[in-house]
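Input: a single structure, listed below in structure tokens.
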Amino acid sequence: MSAAVAPAAVTRSDCAQGALLTVDLAAVAANTRFFASRAKGEVMAVVKADGFGHGCVPAARAALENGATWLGVTSIAEGLALREAGFAAPMLSWLNPVDADFGPALEAGIDLAVPSLQHLSAITRAAMAAGHRGRVHLHLDVGMARDGADPAEWPGLCRAAFRGEQRGQLHVAGLMGHLGCADRPADPCNEAGRTCFGWGLRAARGAGLRPAIRHLAATAATLTDPRTHHSLCRIGAGLVGIDPSRTTRLHPALTLTAPVVAVRRVRAGNSVGYGHFWAAPADTTVGLLAVGYADGLPRAASGRAEIMVRGHRCHVAGLISMDQTVIDLGDQQVDPGEVATVFGPGTSGEPTVADWATWAGTIEHEIVTGIGGRVHRQVTGECLRSAR
């Protein structure tokens with residue numbers, strides 16, 4: 001793929017109020033087009049967790065304008081918010097408690113995942129009360145022991161769903177599963193998951209069901225294993241430039257910047273921050289940034305992380321604090337008010353989300369979804385038509 005889209009220029013005035021998160025919708029659009037060309041079937045844009053921290057509404061709009069045909073969310077509340085924002089595309093919500101209020105979802109035309117007989121009964125009751133036939137996707141656990149119906153319960157769930165169809169209460173529109181090791185394509189659990197899903201499809205058909213929609217692959221499997229594609233691929237992290245399998249170069253969509261609020265000269269041996277975990281190895285200049293772990297910078301990255309100022313990567317000096325981070329500027333001449341790049345797409349040498357995940361010993365998903373609410377957001381690359 002081509003290089004990621006460079007971040008928009010950020011000025012001092014942009015960061016006057018503190019840290020700034022820039023969301024590049026051109027990157028989301030490019031990633032969506034790539035997955036739409038890669039997938040054998042349709043693409044579901046998964047915009048849960050506020051679009052992986054990128055904003056669910058702009059991410060959904062960019063995805064639908066560039067090849068996605070479905071939207072995916074976890075909770076009913078997320079789905080209803082998208083409907084209220086004007087999105088009429090097919091939508092699936094797949095993580096709800098048994099006692100959730102399913103009625104509004106059914107009235108809004110949101111498909112619901114069914115991981116158990118209890119969920120099936122609850123959705124059936126809600127459908128009867130609302131006077132709407134419920135559209136559901138039966139969810140099979142193919143090896144994660146997390147969400148989805150246990151295989152031992154699957155035949156009974158399929159039979160009960162078929163009875164609901166016969167009574168006009170339900171329509172089983174789809175079957176779904178989720179692979180636990182797709183980020184490691186050679187892991188044997190992937191073959192076991194594919195086999196289990198194939199068995200689940202046969203069992204459903206044996207019970208009389210004829211689901212038109214079948215989906216097993218998320219981002220990593222879509223990139224690495226065409227056997228998992230079926231009729232629909234669910235793309236979440238990939239939309240925003242994250243490839244869990246590390247096999248494909250995508251377009252990172254986030255740039256986080258923060259102003260330098262103070263600069264001071266320190267002598268060799270001077271300690272910085274809580275616990276005095278860092279001391280200047282030589283006379284140096286340090287800069288204070290108004291951003292910390294309350295804003296999403298993982299404290300675990302202290303001592304390893306780097307932040308770019310004036311085209312140079314500078315080491316974080318000492319522990320990342322709740323609201324503040326100190327960086328070692330060396331002999332650079334930096335004035336208060338200048339803008340530091342915490343992370344970006346990496347096209348100009350700045351640290352990336354992947355770098356921060358490595359420094360913190362975590363995954364990129366946790367970094368992008370952890371950006372705090374007080375960080376100002378701005379969207380670029382939004383030349384898209386109205387929601388649909």
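The shown structure was predicted, so the numbers you read here are calculated from the model rather than taken from an experiment. Note: hydrogens, waters and symmetry copies are ignored here, and every other heavy atom, side chains too, is used.
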Arg310 side chain to Val339 main-chain N or O, any donor-acceptor pair under 3.5 Å?
no
Is the shortest side-chain N to carboxylate O distance from Arg249 to Asp243 below 4.0 Å?
no
What I'd like to find out is whether the side chain of Leu64 reaches to under 4.5 Å of the side chain of Trp70, using heavy atoms alone.
no
Nearest heavy-atom approach of Met176 to Ala113 is SD-CB, 3.9 Å
Heavy atoms, side chains only, cut-off 4.5 Å: are Val47 and Phe52 in contact?
no
Of all residues at least two apart in sequence or in a different chain, which pass the side-chain hydrogen bond (donor to acceptor under 3.5 Å, both in side chains) check with Thr32?
none
Under the criterion side chain to side chain contact (heavy atoms under 4.5 Å, CB included), I'd like the reasoning laid out for Val73 against Trp94: C-alpha separation, chi angles, the key distance, then a yes or no.
CA-CA 7 Å; Val73 295; Trp94 62 76; over 6 Å; no
In the single-linkage hydrophobic clustering (I, L, V, M, F, W, Y; side-chain heavy atoms under 4.5 Å), do Leu106 and Leu71 co-cluster?
yes
Do NZ/NE/NH1/NH2 and the carboxylate oxygens of Asp331 and Arg265 come within less than 4.0 Å?
yes
Decide side chain to side chain contact (heavy atoms under 4.5 Å, CB included) for Val266 and Arg264; before the verdict, give the C-alpha distance in whole Å, the side-chain angles of both, and the deciding distance to 0.1 Å.
CA-CA 6 Å; Val266 297; Arg264 71 174 64 196; 4.1 Å; yes
For side-chain hydrogen bond (donor to acceptor under 3.5 Å, both in side chains), just list the numbers for Glu191 and Thr195, CA-CA rounded to whole Å, side-chain angles, deciding distance to a tenth of an Å, and then say yes or no.
CA-CA 6 Å; Glu191 182 178 358; Thr195 300; 5.1 Å; no
Does Arg83 use its side chain to pair, donor to acceptor, with the backbone of Phe87 at less than 3.5 Å?
yes
For a quick test of your reading: what N or O donor-acceptor pairs under 3.5 Å do the side chains of residues 203-218 make, sequence neighbours left out?
from, atom 1, to, atom 2, distance (Å)
Arg210, NH1, Arg205, O, 2.9
Arg214, NH1, Pro211, O, 3.4
Arg214, NH1, Ala212, O, 3.1
His215, ND1, Arg234, NH1, 3.0
His215, NE2, His137, ND1, 3.0

Sequence-distant partners of Gln324, side-chain hydrogen bond (donor to acceptor under 3.5 Å, both in side chains), two or more places apart:
none
Val316 with Trp278, same ILVMFWY side-chain cluster at under 4.5 Å:
no
Note, Leu21 side chain near Leu254 side chain (heavy atom, < 4.5 Å)
yes
For Cys181, all residues meeting disulfide bond (SG atoms under 2.5 Å apart), sequence neighbours excluded:
Cys189
Is it the case that the side chain of Thr284 and the backbone of Ala280 share a donor-acceptor pair, with hydrogens and angles ignored and the cut-off at 3.5 Å?
no
Go through Leu112 and His119 one step at a time and tell me if the side chain to side chain contact (heavy atoms under 4.5 Å, CB included) criterion holds.
CA-CA 10 Å; Leu112 297 166; His119 283 82; over 6 Å; no
Would you confirm whether Arg38, through its side chain, and Leu223, through its main-chain N or O, come within 3.5 Å as a donor-acceptor pair?
yes
Pairwise distance CG(Leu288) to OG1(Thr325) - rounded to 0.5 angstrom
8.0 Å
Check the hydrophobic clustering (I, L, V, M, F, W, Y; side-chain heavy atoms under 4.5 Å; chains of links allowed) and say if Leu256 and Val326 are grouped together.
no
To the nearest 0.5 angstrom, please state how far the OG1 atom of Thr248 sits from the CD1 atom of Ile242.
13.5 Å
With the side chain counted from C-beta on, respond yes when Asp111 and Val136 share a heavy-atom pair under 4.5 Å apart, and no when they do not.
no
Residue list, side-chain hydrogen bond (donor to acceptor under 3.5 Å, both in side chains) with Thr352, at least two apart or on another chain:
Asp355
Would you check if Leu329 and Val309 make a side-chain contact, meaning some heavy-atom pair closer than 4.5 Å?
yes
Between Asp295 (side chain) and Gly292 (backbone), is there a donor-acceptor pair under 3.5 Å?
yes
Residue list, side chain to side chain contact (heavy atoms under 4.5 Å, CB included) with Pro185, at least two apart or on another chain:
Thr224
According to the ring pair (Phe, Tyr, Trp, His ring centres under 6.0 Å) rule, which pairs have a member within residues 159-181, sequence neighbours left out?
none
For Val291 and Ala258, which heavy atoms make the closest approach, and how far apart are they?
CG1-CB, 3.8 Å
Of all residues at least two apart in sequence or in a different chain, which pass the side-chain hydrogen bond (donor to acceptor under 3.5 Å, both in side chains) check with Glu42?
Thr69
Are any side-chain N or O atoms of Thr255 and backbone N or O atoms of Gly344, one a donor and one an acceptor, separated by less than 3.5 Å?
no
Rounded to the nearest 0.5 Å, the CD1 atom of Ile307 sits from the CD1 atom of Ile327 at a distance of 5.5 Å
If we ignore hydrogens and angles and just use 3.5 Å, is the side chain of Thr22 paired with the main-chain N or O of Gln378 as donor and acceptor?
no
Quick check: do Val261 and Leu289 have side-chain heavy atoms less than 4.5 Å from each other?
no
Gap between atom CZ of Arg163 and atom CD of Gln169 - 0.5 Å precision:
10.5 Å
Counting C-beta onward and ignoring hydrogens, is there a side-chain heavy-atom pair between Leu92 and Met44 closer than 4.5 Å?
yes
Any sub-3.5 Å donor-acceptor pair from Glu78's side-chain atoms to Ser75's backbone N or O?
yes
Would you call Ile110 and Leu80 a side-chain contact if the rule is heavy atoms closer than 4.5 Å?
yes
Side-chain donor-acceptor distances from residues 362-372 under 3.5 Å, at least two apart:
from, atom 1, to, atom 2, distance (Å)
Thr362, OG1, Glu366, OE1, 2.3
Thr369, OG1, His365, O, 2.8

ILVMFWY cluster membership beyond Tyr274 - transitive side-chain contacts under 4.5 angstrom:
Phe277, Leu319
If you take the centroid of each ring, where Trp contributes its six-membered ring, are Phe34 and His251 closer together than 6.0 Å?
no
Side-chain donor/acceptor pairs under 3.5 Å, residues 144-160, sequence neighbours excluded:
from, atom 1, to, atom 2, distance (Å)
Asp150, OD1, Ala152, N, 2.8
Trp154, NE1, Gly200, O, 3.0

Mind checking whether Val272 and Val263 sit in one hydrophobic cluster, side chains of I, L, V, M, F, W, Y counted as touching below 4.5 Å?
no
Step-by-step side chain to side chain contact (heavy atoms under 4.5 Å, CB included) determination, Trp359 to Glu306:
CA-CA 9 Å; Trp359 293 328; Glu306 298 171 344; 3.8 Å; yes
Is a donor on one side and an acceptor on the other found under 3.5 Å between the side chain of Asn190 and the backbone of Ala182?
yes
Would you give the length of the straight line joining atom CG of Asp328 to atom NE2 of His315, rounded to the nearest 0.5 angstrom?
8.0 Å
Residue pairs meeting side-chain hydrogen bond (donor to acceptor under 3.5 Å, both in side chains), one or both in residues 97-107, sequence neighbours left out, come to none
Can any side-chain N or O of Asp283 pair as donor or acceptor with the backbone N or O of Ala268 at less than 3.5 Å?
yes
When rounded to the nearest 0.5 angstrom, what distance separates CE in Met128 from CG in Leu170?
10.0 Å
